[in-house]
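Structure record follows, encoded as structure tokens.
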2 protein chains.
Amino acid sequence: MDIEIDIESGEPLFEQLVSQIKSAVKARKLTPGDGLPTIRQLAGDLRINNKTVAKAYRLLERDSVIQTKGYRGTFIHPDALANSAFDIKVHVHGLLGNVIAKLRQEGATDSEIRIAFSELMKSPLTMPTDNGEKTHA
Amino acid sequence: MDIEIDIESGEPLFEQLVSQIKSAVKARKLTPGDGLPTIRQLAGDLRINNKTVAKAYRLLERDSVIQTKGYRGTFIHPDALANSAFDIKVHVHGLLGNVIAKLRQEGATDSEIRIAFSELMKSPLTMPTDNGEKTHA
DNA sequence: ATTTGTACCATTTGATGTAAGGGTACAAGT
DNA sequence: ACTTGTACCCTTACATCAAATGGTACAAAT
């Protein structure tokens, strides 16, 4: 598995890592059980910061594309192929986009939307308020 | 109708204007048909910028608390009392808050949410996409 | 004890937003 | 013609965040 990074590209480094590994999974170049280099190893090879690689790994694990097993290292997740198809960015874009469109339609200014958003993002303890109409089962 | 502005208060000037006029309506100090000072007049009296007052008036008219009649000036809206009760900030907070809570719960990072939000707010042409989306896997 | 991912402290750089101010110009209503 | 709200150009000061880097420290697994 070759991972290459383009510093010049506008795309964030951690994002390049994530999409390259997902692509490799989709292309069957990486299959469940395959081992990945350690964070420090990969960071050293690419000459980038450990934290940048760690960030990519963290996201990949959240998406269940990889699996970390402590001391033993990091491996391709059993369901990696299916999970690589899902892009949470698209999901977030969809849900947020609908609400924004609705609010704009109702007359809310972009400033009002932005300010409310900022305030909401400041409190990390947001619990779902379930006063919506389309609650799914 | 006395309008007073506190420059020292952290609250934005245009917001002070809006809330004071809404309060006056709720307190029946301003009733439908009452005339308001012109933007330039009020800005001069309070020694603030025209645009600050104009912004407050624009928001008040959007909320149908006041009504501008071109040359004749600005007046309290017939339904001002009812409309003063509605606070769009609360509404925006509610809708946005639910989506944010849901996305966080689904594992989206705050960065991902913020970035998607920024991208969406950049395109002023957002149309409602009405997709009856449910929970993903 | 060693290596793993991870968490925490910090920093710099660049982008982007709000709020407010200043000036100029214009269509619409009377 | 005159005044209205409004639209556009610009600027300032302030705040926040992303991305990346650097260093230190730690629980878990063997």
Side-chain angles (χ1 to χ4, degrees), chain A residues 5-18 35-44 46-62 66-75 77 89 108-124, chain B residues 5-18 35-44 46-62 66-75 77 89 108-124:
Chain A
I5 291 300
D6 179 11
I7 307 283
E8 300 305 321
S9 154
E11 195 182 6
L13 303 183
F14 76 91
E15 216 168 287
Q16 295 184 39
L17 292 177
V18 169
L36 274 78
T38 70
I39 287 178
R40 291 170 177 85
Q41 175 73 46
L42 186 52
L46 299 175
R47 255 164 253 137
I48 61 180
N49 196 278
N50 287 353
K51 306 197 63 167
T52 303
V53 178
K55 186 175 184 177
Y57 274 36
R58 197 183 326 127
L59 292 174
L60 285 166
E61 184 168 34
R62 178 205 56 188
I66 66 175
Q67 221 173 8
T68 78
K69 299 189 176 178
Y71 168 65
R72 302 178 55 195
T74 304
F75 303 89
H77 191 278
K89 282 169 60 177
T109 68
D110 280 14
S111 282
E112 285 168 336
I113 297 174
R114 269 190 243 260
I115 288 172
F117 179 82
S118 292
E119 283 171 3
L120 286 162
M121 294 303 286
K122 277 177 191 167
S123 39
Chain B
I5 291 301
D6 180 11
I7 307 284
E8 300 305 322
S9 154
E11 195 183 7
L13 303 182
F14 76 91
E15 216 168 288
Q16 295 184 39
L17 291 178
V18 169
L36 273 78
T38 71
I39 288 179
R40 293 171 176 85
Q41 175 72 45
L42 185 51
L46 299 175
R47 255 166 253 136
I48 61 180
N49 195 278
N50 288 351
K51 307 198 59 165
T52 303
V53 179
K55 185 174 184 178
Y57 273 35
R58 196 183 327 129
L59 293 175
L60 286 166
E61 183 167 36
R62 178 204 57 190
I66 66 176
Q67 221 174 9
T68 77
K69 299 188 176 179
Y71 169 64
R72 303 178 54 196
T74 304
F75 304 87
H77 190 279
K89 283 169 59 178
T109 67
D110 279 15
S111 283
E112 286 168 336
I113 296 174
R114 269 191 244 260
I115 288 172
F117 179 83
S118 292
E119 285 172 2
L120 287 162
M121 294 303 285
K122 277 177 190 167
S123 39

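Quantities reported herein were computed from a predicted structural model and do not represent experimental measurements. Chain A is the first sequence line, chain B the second, and so forth, proteins listed ahead of strands; every chain is numbered from 1.
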Whether [X] contacts [N] is assessed here as follows: a side-chain N or O lying under 4.0 Å from the phosphate OP1 or OP2. Is that the case?
| X | N | result |
| --- | --- | --- |
| Asn49(A) | dA20(D) | no |
| Ser118(A) | dG17(C) | no |
| Thr74(A) | dG5(C) | yes |

Over how many whole Å does the gap from [X] atom [atom1] to [N] atom [atom2] extend?
| X | N | atom1 | atom2 | value |
| --- | --- | --- | --- | --- |
| Glu119(B) | dG17(C) | CD | P | 12 Å |
| Ile7(A) | dA19(D) | CD1 | P | 15 Å |
| Gln67(A) | dT4(C) | CD | C1' | 15 Å |
| Met121(B) | dT18(C) | CE | C1' | 12 Å |
| Leu13(A) | dA19(D) | CG | P | 10 Å |
| Phe14(A) | dT6(C) | CZ | C1' | 17 Å |
| Gln16(A) | dA18(D) | CD | C1' | 15 Å |
| Arg47(A) | dT21(D) | CZ | P | 13 Å |

Among [options], the nucleotide that comes nearest once only the side chain of [X] is considered:
| X | options | value |
| --- | --- | --- |
| Glu61(A) | dA20(C), dT6(C), dA18(D) | dT6(C) |
| Ile39(A) | dA20(C), dT6(C), dT4(D) | dT6(C) |
| Ile115(B) | dA19(D), dA19(C), dG5(C) | dA19(D) |

query = Measuring from Leu42(A):CG to Ile48(A):CD1, what's the distance to the nearest 0.5 Å?
reply =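 Answer for the CG-CD1 pair, Leu42(A) versus Ile48(A), is 6.5 Å.
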
Report the distance from atom CD1 of Ile66(B) to atom CG of Leu60(B), rounding to the nearest 0.5 Å.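 The CG atom of Leu60(B) is 4.5 Å from CD1 of Ile66(B), to the nearest 0.5 Å.
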
Sequence neighbours excluded, the answer for side chain to side chain donor-acceptor pair (under 3.5 Å) partners of Ser111(B) is none

Across all chains, not counting sequence neighbours, the side chain to side chain donor-acceptor pair (under 3.5 Å) partners of Glu119(B) are none

- request: Would you kindly compare Arg114(B) and Thr68(B) by the position of their nearest DNA chain D nucleotide and give the one closer to the 5′ end?
  value: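 The answer here is Thr68(B).
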
Going by atom type alone, with no hydrogens or angles, which donor-acceptor pairs under 3.5 Å involve a side-chain atom of residues 6-17 of chain B and a protein atom two or more places apart or on another chain?
| residue | atom | partner | partner atom | Å |
| --- | --- | --- | --- | --- |
| Asp6(B) | OD1 | Glu8(B) | N | 3.0 |
| Asp6(B) | OD1 | Ser9(B) | N | 3.4 |
| Asp6(B) | OD2 | Ser9(B) | N | 3.4 |
| Ser9(B) | OG | Glu11(B) | N | 2.9 |
| Glu15(B) | OE2 | Lys89(B) | NZ | 3.2 |
| Gln16(B) | OE1 | Asp6(B) | N | 3.0 |
| Gln16(B) | NE2 | Asp6(B) | O | 3.0 |
| Gln16(B) | NE2 | Glu11(B) | O | 2.9 |

Hits for salt bridge (Lys or Arg N to Asp or Glu O under 4.0 Å) against Arg72(A), two or more places apart or cross-chain, chain-then-number order -> none

- request: Using salt bridge (Lys or Arg N to Asp or Glu O under 4.0 Å) as the criterion, list what pairs up with Arg40(B), not counting sequence neighbours.
  value: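 Salt bridge (Lys or Arg N to Asp or Glu O under 4.0 Å) check on Arg40(B) returns nothing, list empty.
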
Checklist entry - Taking only residues at least two apart or on different chains, which pairs with a member in residues 50-61 of chain B satisfy side-chain hydrogen bond (donor to acceptor under 3.5 Å, both in side chains)? => result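 Only Glu61(B)-Thr68(B) qualify under side-chain hydrogen bond (donor to acceptor under 3.5 Å, both in side chains).
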
Test ring-ring contact (aromatic ring centres under 6.0 Å, His included) applied to Phe117(B) - qualifying residues, sequence neighbours left out =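 ring-ring contact (aromatic ring centres under 6.0 Å, His included) check on Phe117(B) returns Phe117(A).
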
Side chain to side chain contact (heavy atoms under 4.5 Å, CB included) filter on Gln67(A), not counting sequence neighbours, yields Lys69(A), His77(A), Pro78(A)

For Ala108(A), the side chain to side chain contact (heavy atoms under 4.5 Å, CB included) test, sequence neighbours excluded, returns Leu103(A), Glu112(A), Ile113(A), Ile88(B), Val92(B)

Contact string for nucleotides 24-30 of chain C, one letter per nucleotide 5' to 3', B = base within protein heavy-atom range under 4.0 Å, S = sugar-phosphate only, - = neither, reads -B---BS

Exercise for the section: Tell me, with the steps shown, if Thr109(A) and Arg114(A) meet side-chain contact (heavy atoms from CB on, under 4.5 Å). Expected result: CA-CA 9 Å; Thr109(A) 68; Arg114(A) 269 190 243 260; over 6 Å; no

The correct set of residues in residues 50-60 of chain B placing a heavy atom under 4.0 Å from DNA chain D is Lys51(B)

- Between the two end axes of the helix from dA1(C)-dT30(D) to dT30(C)-dA1(D), each built from 5 base pairs, what angle do you get to the nearest 10°?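 Answer for the end axes of this duplex: 40°.
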
